[in-house]
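The structure displayed is predicted, hence computed values, not measured ones.
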Amino acid sequence: MENFPLVLVLSSIIKIVIIVHLLIIGVMIMIWAERRVSGWMQDRLGPNRVGPQGLLQPIADGLKFMFKEDIIPDHVDKPLYVLAPAMLLVPALIVVAVVPFGSSITLFGNEIPLQIADVNIGILYILAITSLGVYGVVLGAWASNNKYSLLGGLRSSAQMISYELTLGLAIIGVLMLTNTVGDNSALSLRVIAESQGSHLWHWNFLIHFPAFLAFTTAMFAETNRLPFDLAEAEQELVAGYHTEYSSMKFAMFFMAEYMNMIVGSAVVVTLFLGGWHFFGLENVGGPVWSGLISFGIFFVKTAIFLFVFIWVRWTLPRFRYDQLMNLGWKFLLPVALSSIVVTGTLWITTDGNRLWIGIGNMVSAFIVVSIVAGLLVMNKAPEPAIPDSDRQITPSALDAIE
């Protein structure tokens with residue numbers, strides 16, 4: 001224990017407790033915010049009866065789930081049916097362990113990083129753990145023994161596997177520009193956040209803007225949010241993979257979606273939006289205040305991105321499934337691959353000039369999208385011509401009046 005002072009051990013336990021509770025509270029806030037923001041966008045009130053401005057509505061919803069009858073249909077595979085919600089919720093909880101939510105604070109002479117675990121393969125950890133979430137969806141769909149649930153599970157598995165490729169490829173360019181490229185610590189999220197610094201031009205979303213858009217879109221698809229909620233699609237699948245679930249088991253699916261939104265937004269802020277940096281404001285104050293300010297900056301950035309989640313949901317209509325797959329395989333994947341090639345080439349030829357890398361990524365993404373769109377238009381099957389003999393000639397309105 002000489003290398004692990006008691007204050008560090010206690011701080012790790014405290015950080016775990018705080019982060020888990022913040023995630024649960026964040027889910028409640030997001031449920032309230034989604035209803036209020038959607039009401040504001042649609043010119044209606046939203047929840048406003050339970051508590052001031054409807055703030056206690058999530059608590060009422062939670063109590064309703066807890067006291068609702070827990071029905072387990074006779075036709076389900078009971079062990080897998082019970083296991084599936086946990087298989088989706090647990091990865092959403094543990095993936096946040098490697099996300100840095102601030103710089104550090106100094107207590108009793110010990111520097112305590114605002115991060116549960118700074119592992120040198122944090123990116124790989126996130127990609128590995130988030131990929132486990134598909135098992136919860138597939139198990140829930142299969143164990144329900146329901147055709148609507150099975151269709152939703154198949155859709156979700158194909159969707160999540162397809163967009164995971166883009167999710168992983170879109171961050172390779174970011175790793176190339178990390179200061180410790182070639183070192184294992186280049187995969188650490190803390191190192192990636194620190195390498196961006198307080199200068200806006202060093203933030204990765206400007207240098208890798210096409211990869212940023214591809215990563216963000218893939219994250220929407222990974223969390224099954226509109227316009228990518230084909231796994232649920234209430235109008236056609238009744239609710240999809242969780243049709244047969246009720247009470248707290250359904251609530252766990254619901255919580256997992258919002259937790260994935262919160263964690264995904266935090267990862268985007270870390271990789272592309274400078275983490276806890278904001279024009280040097282994170283360095284104001286002493287060793288304690290600077291850490292708290294950095295946490296506040298990270299919190300505000302994450303909250304803004306969560307607002308984008310809600311904004312997109314109530315703005316864009318749901319894709320058809322063929323459009324969903326076309327977007328992932330024919331547009332986002334080539335854009336992510338072109339970003340890797342251009343970033344690597346310009347890193348060598350321009351001696352790491354970020355301006356040229358940013359311009360090159362934008363130009364290459366435009367060229368790739370234009371080529372793919374042109375090929376799709378050229379290969380589009382023409383509509384069959386209708387013979388004149390089959391055409392129905394309807395009288396005009398004037399003839400009908402006469």
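You'll find the side chain of Tyr241 stays beyond 4.5 Å of the side chain of Leu139, heavy atoms only. At a threshold of 4.5 Å between non-hydrogen side-chain atoms, the residues Phe253 and Tyr245 count as touching. Contact annotation: the side chain of Ile340 approaches that of Met176 to within less than 4.5 Å [non-hydrogen atoms, C-beta and beyond]. Residues Ser149 and His242 fail the side-chain proximity criterion, which asks for heavy atoms closer than 4.5 Å. Between Gln196 and Leu273 there is no side-chain heavy-atom pair separated by less than 4.5 Å. With a 4.5 Å cut-off on side-chain heavy atoms, Met160 and Thr130 do not count as touching. Side-chain contact between Leu226 and Val312: absent, with no pair of heavy atoms (C-beta onward) separated by less than 4.5 Å. Counting only heavy atoms from C-beta outward, the side chains of Arg354 and Leu177 approach each other to under 4.5 Å.
Atom CG of Asp351 is surrounded by 12 or fewer heavy atoms from other residues, nucleotides or ligands within 6.0 Å. Annotation for His75: atom NE2 counts as buried by contact number, over 12 foreign heavy atoms lying within 6.0 Å. Within 6.0 Å of the CE atom in Met362, the count of heavy atoms belonging to other residues, nucleotides or ligands does not exceed 12. Counting non-hydrogen atoms of neighbouring residues, nucleotides and ligands closer than 6.0 angstrom, the CE atom of Met41 exceeds 12 such neighbours. Remark: Phe366 CZ is loosely packed, at most 12 non-hydrogen atoms of other residues, nucleotides or ligands lying under 6.0 Å away.
Checked by atom type and distance alone, the side chain of Thr216 never pairs as donor or acceptor with a backbone atom of Leu213 at under 3.5 Å. Gln323 contributes a side-chain N or O that, together with a main-chain N or O of Arg320, makes up a donor-acceptor pair within less than 3.5 Å. Of the possible donor and acceptor atoms, none in the side chain of His208 sits under 3.5 Å from a partner among the backbone N and O of Asn204.
In this structure, Glu222 and Leu167 approach most closely via the heavy-atom pair CG-CD2, 4.0 Å. Between Ile72 and Lys78, the shortest heavy-atom contact is CD1-CE, 4.0 Å. The nearest pair of heavy atoms linking Ser339 to Ala211 is OG-CB, 3.8 Å. Residues Pro100 and Val98 approach most closely at CD-O, 3.4 Å, considering heavy atoms. Closest approach of Ala336 to Ala170, counting heavy atoms only: CB-N, 4.1 Å. Residues Leu230 and Arg155 come closest through the heavy atom pair O-NH1, 3.0 Å.
Between the CG atom in Leu151 and the OG1 atom in Thr243 there is a gap of 10.0 Å [rounded to 0.5 Å]. Within the model, atoms OG1 of Thr270 and NZ of Lys301 stand 9.0 Å from one another, a figure rounded to the nearest 0.5 Å.
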Starting from the C-alpha separation in whole Å, work towards a yes-or-no answer on side-chain contact (heavy atoms from CB on, under 4.5 Å) for Phe331 and Val369.
CA-CA 6 Å; Phe331 287 94; Val369 171; 4.1 Å; yes

Applying ring-ring contact (aromatic ring centres under 6.0 Å, His included), run through Tyr163 and Phe220 and close with a yes or a no.
CA-CA 9 Å; Tyr163 279 83; Phe220 272 83; over 10 Å; no

Working for side-chain contact (heavy atoms from CB on, under 4.5 Å), residues Leu175 and Ile192
CA-CA 8 Å; Leu175 301 180; Ile192 293 173; 3.6 Å; yes

Does Met219 form a side-chain contact (heavy atoms from CB on, under 4.5 Å) with Asn260? I'd like the steps, not just the answer.
CA-CA 9 Å; Met219 188 180 64; Asn260 282 321; over 6 Å; no

Run Ser188 and Val119 through side-chain contact (heavy atoms from CB on, under 4.5 Å) and show every step you take.
CA-CA 6 Å; Ser188 166; Val119 296; over 6 Å; no

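Under the side-chain hydrogen bond (donor to acceptor under 3.5 Å, both in side chains) criterion, the residue pairs touching residues 23-50 are Glu34-Arg225, Glu34-Tyr258, Glu34-Arg313, Arg35-Asp61, Arg36-Gln53, Ser38-Arg44, Gln42-Arg44, with sequence neighbours excluded.
Lys147 forms no cation-pi arrangement with Trp142, by the criterion of a distance under 6.0 Å to the ring centre and an angle within 45° of the ring axis.
Ring orientation note: the planes of Phe250 and Phe65 are tilted relative to one another, at an angle of 30° to 60°. Between Phe305 and Phe212, the ring planes lie perpendicular to each other; the angle is over 60°, past the 30° to 60° tilted range.
No option in Val27, Leu93, Leu88 other than Val27 meets the side-chain contact (heavy atoms from CB on, under 4.5 Å) test with Met255. The ring pair (Phe, Tyr, Trp, His ring centres under 6.0 Å) test with Phe272 is passed by exactly one of Phe205, Phe215, Trp203, Phe209: Phe215. Among the candidates Leu327, Leu324, Thr217, Leu316, the single residue satisfying the side-chain contact (heavy atoms from CB on, under 4.5 Å) test with Pro227 is Leu316.
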